[in-house]
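Here the structure is a predicted model, which is why all the values come from computation and not from measurement.
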Amino acid sequence: MALFDGVFFERYQTRLVKGDEEPLYRPADDKTPYHQIIFAHGFFASALHEISHWCIAGAERRQKEDYGYWYLPDGRDAEQQRAFEQSEVAPQALESLFAEACRREFHVSVDNLGGDAAVDREAFAEKVSQRAARYKEEGLPVRANAFACALARYYRHQGTLTEAVAHGHAVLDQADSMASA
């Protein structure tokens, strides 16, 4: 949480918040002057997953609760499950890269334990893996790259929190200077 907040709070007024139940993205409002990425039960994987959604969401979507996306809970039919999986390939690919940067194991989530639809976990895992490989080849979205670099500095290279945050800021600054050039 400190790493995410350190890299992104000042620039994006967004905080990572431990929640109790379901994860949720909540934009700033009259009660809370900053955006919140609320992850479930303090789970590390949930935090990485919710951050991955934030890293993909554009500025307009970040002004809407849960980015304005639909979400059907566990128990989806086959068509709903296909739509869910299609929308989850990119975020789970980023989540896998974040987990890799932290030296953590990643597991895809088809998130439909009570549904009547047949789920091909291996096929979905392959799509996620292919998308992660494409991100590695073509580059990550700016915020995702900054976070992955900060995570790697902290977890892989044993940098201090201050060093990891500074590294994330440097990645964002470099992207800003390239965009304005």
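Rounded to the nearest 0.5 Å, atoms OG1 (T162) and CZ (R153) are 12.5 Å apart. In this structure, the separation between CZ on R143 and CG on L172 is 9.0 Å, given to the nearest 0.5 Å. Atom-to-atom distance recorded for E88:CD and K127:NZ is 13.0 Å, nearest 0.5 angstrom. Remark: D5 CG to Y34 OH distance equals 8.5 Å, nearest 0.5 Å.
Remark: the backbone N or O of G6 is paired with a side-chain donor or acceptor of H169 at under 3.5 angstrom. Looking only at distances, a side-chain donor or acceptor of R156 sits under 3.5 Å from a matching main-chain atom of E100. The backbone N or O of E126 sits nowhere less than 3.5 Å from a side-chain atom of S129 that would complete a donor-acceptor pair.
L16 and F147 fall within the same hydrophobic cluster, defined by Ile, Leu, Val, Met, Phe, Trp and Tyr side-chain heavy atoms under 4.5 Å apart, directly or through other members. Put simply, I56 and I38 are part of two different groups of oily side chains (I, L, V, M, F, W, Y) that touch within less than 4.5 Å, one to the next. In the hydrophobic clustering of ILVMFWY residues, with side-chain heavy atoms under 4.5 Å counting as a link, Y25 and F8 come out together. Under the 4.5 Å side-chain heavy-atom criterion for grouping Ile, Leu, Val, Met, Phe, Trp and Tyr, Y12 is connected to F39 within one hydrophobic cluster. The hydrophobic clustering, which links ILVMFWY residues whose side-chain heavy atoms are closer than 4.5 Å, places V7 and F44 together.
Residue E138 places its CD atom among more than 12 non-hydrogen atoms of other residues, nucleotides or ligands, all under 6.0 Å distant. Counted within 6.0 Å of CD on E65, heavy atoms from surrounding residues, nucleotides or ligands total more than 12; the atom is thus considered enclosed. Counting heavy-atom neighbours within 6.0 Å of Q174 CD, excluding the residue itself, gives a total of 12 or less.
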Requested in this report: Test Y69 against R61 for side-chain hydrogen bond (donor to acceptor under 3.5 Å, both in side chains), laying out the working first.
Outcome: CA-CA 9 Å; Y69 290 122; R61 286 223 178 256; 3.2 Å; yes
Report task. Decide yes or no on side-chain contact (heavy atoms from CB on, under 4.5 Å) for Q92 and S109, but give the supporting numbers first. Result -> CA-CA 8 Å; Q92 290 197 36; S109 174; 4.0 Å; yes
Report task. Show your working on side-chain contact (heavy atoms from CB on, under 4.5 Å) between F106 and V128 and close with a plain yes or no. Result -> CA-CA 11 Å; F106 168 75; V128 169; 4.1 Å; yes
Query raised in the report: After noting the C-alpha distance and the side-chain angles of T32 and R26, does the key distance pass the side-chain contact (heavy atoms from CB on, under 4.5 Å) rule?
Result: CA-CA 9 Å; T32 309; R26 187 174 289 143; 5.9 Å; no
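Both the sub-6.0 Å distance and the 45° axial angle are satisfied by R15 relative to the ring of F9. Within the cation-pi definition used here (under 6.0 Å to the ring centroid, within 45° of the axis), R131 qualifies as a partner of Y135.
When each of H107, H49, H53 is paired with E95, the side chain to side chain donor-acceptor pair (under 3.5 Å) condition holds for H49 and for no other.
For W54 and F4, the ring centers sit closer than 6.0 Å to each other.
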